[in-house]
Amino acid sequence: MNRRSVLTGATGLAFISGASPVYAHRLTTTETRVDITTETGRIEVIHTLHVHDTEMTLFKAGVLDSPDLVSLRQRAQLALYVDETFQIYRNETQIPLTLLGAELDKRNVLVFQEGEIDGAIGDLMVSAAMMRDMVHNQINNVDVYIDGKVSSLQFRGTDNLKKVLA
């Protein structure tokens, strides 16, 4: 065996072993921010989802009529889906959230909700099931800010309710 054969073989081996599938746009995470102001009792929720992945996933699952979140109808369907799959509970009672809508923001789509909490915060729990039954390794990150102090939660697999540690 000469040096040229070894170099050619090593280059070929490196090329083959380095070949792996590329997932250019696959983002299997959502980000949710919940802001609670105890003085006013106001709850503001913003969900951030990657446009392309959300379009394709929810279209394939039959949640969207077409894979196009530019359409107001499709964004409304997405917003309704998020409204069904995200909940906040206080002392084991679901807090009603009002769905405000969804809008595109560059490569993301934002879904907005709001609610109110009267009196003491009590025990807060969150459920974030968005796309976890549709996407392998889906992770939903939820940051809950209570008067500016953050508590971070991460939902994956079959996670259900998680307690907000304030």
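Numbers here simply count residues along the sequence, with the first being 1. Just so it is clear, the structure is predicted and the values come from calculations on it, not from any experiment.
- Side chains of V45 and I88 form a contact here, defined as non-hydrogen atoms less than 4.5 Å apart.
- Here D83 contributes atom CG and F112 contributes atom CZ; the two are 14.0 Å apart, rounded to the nearest 0.5 Å.
- The only member of T28, D53, D133 that meets side chain to side chain contact (heavy atoms under 4.5 Å, CB included) when paired with Q138 is T28.
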Determine whether E116 and R42 satisfy the following criterion, side-chain contact (heavy atoms from CB on, under 4.5 Å), listing intermediate values before the conclusion. CA-CA 5 Å; E116 287 186 23; R42 185 167 173 81; 5.6 Å; no
Please lay out, stage by stage, how D35 and I43 fare under the test side-chain contact (heavy atoms from CB on, under 4.5 Å). CA-CA 6 Å; D35 282 292; I43 301 172; over 6 Å; no
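- Scanning for side-chain hydrogen bond (donor to acceptor under 3.5 Å, both in side chains) contacts around N160 gives an empty result, with sequence neighbours left out.
- The backbone N or O of A128 lies less than 3.5 Å from no partner atom in the side chain of Q87, so there is not a single donor-acceptor pair.
- Hydrophobic clustering of Ile, Leu, Val, Met, Phe, Trp and Tyr side chains at less than 4.5 Å, counting indirect connections, keeps I46 apart from L78.
- Transitive grouping of hydrophobic side chains (ILVMFWY, heavy atoms separated by less than 4.5 Å) keeps I117 and L100 in distinct clusters.
- When all heavy atoms of A102 and V109 are compared, the pair lying nearest together is CB-CG2, 4.3 Å.
- A salt bridge between R75 and E103 is absent, with no side-chain N of the basic residue lying under 4.0 Å from a carboxylate O of the acidic one.
- The shortest heavy-atom contact between R90 and A120 is NH1-O, 2.9 Å.
- Side chain of N141 to main chain of E31: no donor-acceptor pair is present (N/O by atom type, distance under 3.5 Å, no hydrogens or angles).
- In this structure a side-chain-to-backbone donor-acceptor pair under 3.5 Å is missing from D143 to R33.
- Interatomic distance, OG1 of T85 versus CE of M131, reported as 8.5 Å (0.5 Å rounding).
- Residue L110 is not grouped with residue V142 when hydrophobic side chains (ILVMFWY) are merged at heavy-atom distances under 4.5 angstrom, including chains of intermediate members.
- The backbone N or O of Q154 sits less than 3.5 Å from a side-chain atom of K162, completing a donor-acceptor pair.
- We find the CG-OH distance between L161 and Y89 to be 5.5 Å, quoted to the nearest 0.5 Å.
- Taking 4.5 Å as the limit, every side-chain heavy atom of Y145 sits out of range of all side-chain heavy atoms of I36.
- Partner of S66 under the side chain to side chain contact (heavy atoms under 4.5 Å, CB included) criterion, out of D68, V70, L64, L69: D68 alone.
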Please evaluate residues L99 and V111 with respect to the criterion side-chain contact (heavy atoms from CB on, under 4.5 Å), reporting the C-alpha separation (whole Å), side-chain torsions for both, the decisive distance (0.1 Å), and the verdict. CA-CA 8 Å; L99 180 59; V111 178; 4.0 Å; yes
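- Looking at I139 and F155, their side chains never come closer than 4.5 Å, going by heavy atoms from C-beta outward.
- Counting heavy atoms from C-beta on, the side chains of L80 and V63 never come closer than 4.5 Å.
- Taking CD of E114 as the reference point, atom CG of L97 lies at 9.0 Å (rounded to 0.5 Å).
- The shortest distance between side-chain heavy atoms of N137 and R156 does not fall below 4.5 Å.
- The shortest distance between side-chain heavy atoms of V144 and I146 falls below 4.5 Å.
- If you take CG on L49 and CG on D105, they are separated by 12.0 Å, rounding to the nearest 0.5 Å.
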Test log, rule side-chain hydrogen bond (donor to acceptor under 3.5 Å, both in side chains), inputs N108 and T48: CA-CA 6 Å; N108 294 315; T48 304; 6.0 Å; no
I'd like to know whether K163 forms a salt bridge (charged side-chain N to carboxylate O under 4.0 Å, His left out) with D123, so could you lay out the CA-CA distance, the side-chain angles of the two residues, the decisive distance to 0.1 Å, and finally the verdict. CA-CA 7 Å; K163 185 173 183 170; D123 287 331; 3.5 Å; yes
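- Residues R107 and V51 have side chains not in contact (no heavy-atom distance under 4.5 Å, counting atoms from C-beta outward).
- Of the possible polar contacts, none joining the Y81 side chain to the A76 backbone as a donor-acceptor pair under 3.5 Å is found.
- Here the CG-NE2 distance, from N140 to H47, works out to 9.5 Å after rounding to the nearest 0.5 Å.
- Put simply, the side chain of L58 reaches to within 4.5 Å of the side chain of M134, judged on heavy atoms.
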